[in-house]
Amino acid sequence: SNDLWMHAAIANAYSLDELIAELKRWGAITIEALKALPDDFVADKRRVTVLATYVAEQGFALHTHSHLNQVKAALETEK
């Protein structure tokens, strides 16, 4: 779950900057995963549209941004 992931990330992050760096690494991983999509998947415009919509509108960056204050507060309580 996202909560488990966030608590694990906080437990292994020593600062907000390190946590942000981790989020950027996951963003880079997402980009590489998109680049590696199989040709048959990419050829299916419906599937690509659904995936692109998720990544752009509901995806990692937007979801992460919506939790920044929660992450900051959690980091403060972990200190």
Side-chain angles (χ1 to χ4, degrees):
S1 82
N2 289 335
D3 286 340
L4 291 175
W5 181 88
M6 185 181 73
H7 288 291
I10 291 168
N12 290 297
Y14 299 105
S15 69
L16 183 57
D17 289 338
E18 288 176 345
L19 185 55
I20 290 170
E22 180 70 14
L23 296 173
K24 287 180 180 181
R25 281 191 290 278
W26 278 103
I29 289 169
T30 300
I31 290 168
E32 292 305 313
L34 293 172
K35 288 180 182 179
L37 289 171
D39 290 338
D40 63 325
F41 183 95
V42 175
D44 185 340
K45 290 182 182 180
R46 180 188 55 81
R47 290 166 76 186
V48 171
T49 300
V50 169
L51 179 61
T53 300
Y54 173 77
V55 170
E57 295 178 4
Q58 305 295 324
F60 186 75
L62 181 62
H63 182 86
T64 301
H65 187 268
S66 71
H67 288 287
L68 283 180
N69 287 335
Q70 182 183 11
V71 170
K72 287 178 186 177
L75 280 171
E76 288 301 317
T77 62
E78 294 289 325
K79 289 182 179 181

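All values derive from a computational prediction rather than experimental measurement. Starting from 1, each residue takes its place in the sequence as its number.
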Legend entry - Criterion side chain to side chain contact (heavy atoms under 4.5 Å, CB included) against T53, the qualifying member of T49, L51, V50: T49

Legend entry - Those residues that, when tested against K35, pass side chain to side chain donor-acceptor pair (under 3.5 Å) (two or more places apart): E32

Inset, instruction - Could you tell me whether D40 atom CG has more than 12 heavy atoms of other residues or ligands within 6.0 Å of it? - result: yes

Legend entry - Joint hydrophobic cluster, L34 plus F41, side-chain heavy atoms closer than 4.5 Å: yes

Inset, instruction - Check step by step if side chain to side chain contact (heavy atoms under 4.5 Å, CB included) holds for L37 and V48. - result: CA-CA 10 Å; L37 289 171; V48 171; 5.7 Å; no

